[in-house]
Participant: 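This is the structure, below, for whatever I ask next.
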Amino acid sequence: MSSTITYTVTGMSCGHCENSVSKELSELAGVTEVSADAKAGTVTVSTSDQLDDELVRAAVDEAGYELVGRSA
């Protein structure tokens, strides 16, 4: 079951920020695509399986940013 989820992330301000978050999230099992948008403060993650929000939070934290939650 594939799904696409958009998360709100604070602290991103440039392309380097987008790349850092994307790199960390891309390493999670099941992630097939990541698109970070610093201006919007969002990260969209496509997966081939269910994705644990706490794993996403840990990956964003590892990149140096804060996961606020899922975007509406």
Side-chain angles (χ1 to χ4, degrees):
M1 176 183 158
S2 64
S3 63
T4 301
I5 305 164
T6 301
Y7 297 93
T8 301
V9 176
T10 59
M12 295 188 301
S13 61
C14 63
H16 174 74
C17 301
E18 294 169 346
N19 290 338
S20 295
V21 171
S22 294
K23 179 182 180 296
E24 289 296 330
L25 290 172
S26 292
E27 293 176 3
L28 296 178
V31 171
T32 57
E33 186 177 348
V34 179
S35 176
D37 184 339
K39 283 187 177 185
T42 60
V43 177
T44 302
V45 181
S46 297
T47 66
S48 60
D49 203 355
Q50 290 284 20
L51 190 59
D52 183 341
D53 285 349
E54 288 308 310
L55 292 177
V56 174
R57 184 177 305 281
V60 171
D61 185 60
E62 182 67 28
Y65 306 94
E66 182 180 355
L67 178 75
V68 175
R70 290 184 183 214
S71 296

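Since we're looking at a predicted model, the values are computed, not measured.
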Participant: Can you name the nearest heavy-atom pair linking A36 to M12, along with the distance?
Facilitator: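 Heavy-atom minimum between the residues: CB-SD, 4.3 Å.
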Participant: Distance from S2 atom OG to Q50 atom CD, nearest 0.5 Å?
Facilitator: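 It comes to 10.5 Å.
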Participant: Between the main-chain N or O of A63 and the side-chain N or O of S20, is there a donor-acceptor pair closer than 3.5 Å?
Facilitator: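 The answer is no, because no donor-acceptor pair under 3.5 Å joins these two groups.
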Participant: Any chance you could measure N19, atom CG, to S26, atom OG, to the nearest 0.5 Å?
Facilitator: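 The CG atom of N19 sits 10.0 Å away from the OG atom of S26.
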Participant: Quick one: which of V56, T42, V60, V68 gives a side-chain contact (heavy atoms from CB on, under 4.5 Å) with Y7?
Facilitator: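 Option passing the side-chain contact (heavy atoms from CB on, under 4.5 Å) with Y7: V56.
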Participant: Would you indicate whether the side-chain heavy atoms of C14 and C17 approach each other to under 4.5 Å?
Facilitator: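 With C-beta onward as the side chain, the pair touches.
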Participant: Looking at T6 and T44, what are the two nearest heavy atoms and their distance?
Facilitator: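 For T6 versus T44, the nearest heavy atoms are OG1-OG1, 3.1 Å.
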Participant: Do the side chains of L67 and D61 get nearer than 4.5 Å, heavy atoms only?
Facilitator: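 D61 vs L67: side chains apart.
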Participant: Quick check against the 3.5 Å criterion: does E66 have a side-chain atom that pairs as donor or acceptor with the backbone of T10?
Facilitator: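 No; judged by distance alone, with no hydrogens or angles, the pair does not exist.
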Participant: What pair of heavy atoms forms the shortest contact from A29 to L51, and how long is it?
Facilitator: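 Nearest pair, atom of A29 first, then L51: O-CD1, 4.3 Å.
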Participant: Between CG of D53 and CD1 of I5, what distance do you get to the nearest 0.5 Å?
Facilitator: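 Those atoms lie 6.0 Å apart.
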